[in-house]
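See structure below.
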Amino acid sequence: MEKKNPEDSFQVKIDAEEKIEPKDWMPDEYRRNLIRQISQHAHSEVIGMQPEGNWITRAPSLRAKAVLLAKIQDEGGHGLYLYSACETLGISRDELIEQLHSGKAKYSSIFNYPTLTWADIGAVGWLVDGAAIVNQVSLQRTSYGPYSRAMIRICKEESFHQRQGYEIMANMAKGTLEQKQMAQDALNRWWWPSLMMFGPHDTESAHSAKSMKWKIKRESNDELRQRFIDKTVQQAEVIGLSIPDPDLQWNEQRKHYDFGKINWEEFTNVLNGNGPCNKQRMANHIQAHQNGAWVREAAMAYAEKQKNKKVPA
Ligand code: BYC
């Protein structure tokens, strides 16, 4: 009988919706692509703590502060699940961090924008976590087992994050005129960068074809972006804010909103390190990593000591 080549058997498994687990055979390119995407995702979760952390000391009430603290801690936790999922592919945490610091690995463009007012915390939760959920619900069905399982847990927490952001925006929108203006201003500044989170249009997306074939990605950048827009326009209407897009219009034929042109030049600029906060975000991460060196050394020394401990007979 003719022997099947491993690539074919791999694709049969993928097509049958079986999960790929760490010890299973996988094409090198599948492994590389997953490391790229999962690590970018992990780095985004951790770098994403910075714009929100900026407001912990200035939260307008004890309740708001407790909620924000809990949310930011969750994001750190998401980073940890994702780094662990990524490590199952045979790369170490040190290498992943090194790739981030050297600029080889990306993190989401969205976290290179500043959080200027408290309303920005609302906009980040509502729009950024809202966009993240749309993407991540789809990724719960990704073909790689550890990534898919991490996503299931992350999605549960992200829906709380989205709601806390929407609550801030809703309260500000029904507050004083000045508060409503702050909420609208935050929406104006975060709307377009949130649409960029889904990546380039499908026709320009370098990795989509392979990622869809291998079911790393289950839906395309444009499909997910459209779903996010359709959901969010209605949410803005409910709280009386307007989406900053004069071309936004319901298309009865498509049963979707049509929307204006995304500024891809701005996106490329941010990806190339020239967004408003790229340098600051990276400098903070490098500094925090250096400051934590003694913690990693102590943890390693403790682990070593435990390993060498004699178990009493
Ligand atoms: N920012 O071929 P494409 C979160 C890069 S939410 C930066 O379409 P792919 C959080 C892309 O990496 C955010 N880079 O790529 C939320 C590629 O460059 P490389 C994180 C981007 O992978 C709230 C090139 O452009 N979520 O963490 O098929 C609070 C061509 O793109 C971006 C995830 O990462 C971008 N926006 O599709 C706290 C979700 N878009 O790598 C935290 C998982 C594209 O060849 N990731 N690029 O140098 C994904 O679903 C996919 O990676 C993407 C892009 C949809 C983002």
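Each residue takes its place number in the sequence, starting with 1.
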- Task: Sorted by first residue and then second, give each side chain to side chain donor-acceptor pair (under 3.5 Å) pair with at least one member in residues 119-130; sequence neighbours left out.
- Result: Lys71-Asp129, Thr117-Asp120, Asp120-Arg189, Asp120-Trp190, Trp126-Gln235, Asp129-His161
- Task: Determine, for Asp230 against Arg227, whether the closest basic-nitrogen to carboxylate-oxygen distance falls under 4.0 angstrom.
- Result: no
- Message: To the closest 0.5 Å, what do you measure between CD (Gln11) and CG (Asp15)?
- Response: 4.5 Å
- Item | Nonpolar side-chain network containing Val137, other nodes, edges under 4.5 Å | Ile133
- Message: Looking at His201, is its backbone amide N or carbonyl O close enough to the side chain of Ser205 to form a donor-acceptor pair, meaning the two atoms are under 3.5 Å apart?
- Response: no
- Query: With no hydrogens and no angle check, is any side-chain donor or acceptor of Asp24 less than 3.5 Å from a backbone partner on Glu21?
  - Reply: yes
- Could you grab the distance from atom CG of Asn135 to atom SG of Cys155, nearest 0.5 Å is fine? 9.0 Å
- Task: Quick one: pull up CG in Leu96 and CD1 in Ile91 and give me the separation to the nearest 0.5 Å.
- Result: 4.5 Å
- When rounded to the nearest 0.5 angstrom, what is the spacing between CD1 in Ile20 and CG in Leu34? 9.5 Å
- Message: Apply side-chain hydrogen bond (donor to acceptor under 3.5 Å, both in side chains) to residues Gln181 and Asp185 and explain how you reach the verdict.
- Response: CA-CA 6 Å; Gln181 280 168 351; Asp185 172 60; over 6 Å; no
- Charged N to carboxylate O below 4.0 Å: is that the case for Arg218 and Glu17? yes
- Query: Donor-acceptor pair, Glu157 side chain versus Ile154 backbone, under 3.5 Å?
  - Reply: no
- Rounded distance [0.5 Å steps], OG in Ser143 versus CE in Met26: 9.5 Å
- Task: Over 60° means perpendicular and under 30° means parallel, so classify the ring planes of Phe228 and Phe198, tilted if in between.
- Result: tilted
- Interatomic distance, Ile168 atom CD1 to Ile121 atom CD1 [nearest 0.5 angstrom]: 7.0 Å
- Message: Regarding Lys215 and Glu18, does a basic nitrogen lie under 4.0 Å from an acidic carboxylate oxygen?
- Response: no
- Message: Could you check whether Lys309 pairs with Glu304 (Lys NZ or Arg NE/NH1/NH2 to Asp/Glu carboxylate O, under 4.0 Å)?
- Response: no
- Please report the C-alpha distance between His41 and Tyr107 in whole Å, then the side-chain angles of each, then the deciding distance to 0.1 Å, and finally whether the ring-ring contact (aromatic ring centres under 6.0 Å, His included) criterion is met. CA-CA 7 Å; His41 197 163; Tyr107 59 89; over 10 Å; no
- Query: Quick check: does any side chain N or O of Lys19 sit under 3.5 Å from a backbone N or O of Thr142, one acting as donor and the other as acceptor?
  - Reply: yes
- Item | Short side-chain to backbone donor-acceptor contact, Asn278 and Asn112, under 3.5 Å | no
- Task: Quick one: list whatever passes ring pair (Phe, Tyr, Trp, His ring centres under 6.0 Å) with His256, sequence neighbours left out.
- Result: none
- What orientation do His78 and Tyr81 show, parallel under 30°, tilted 30 to 60°, or perpendicular over 60°? tilted
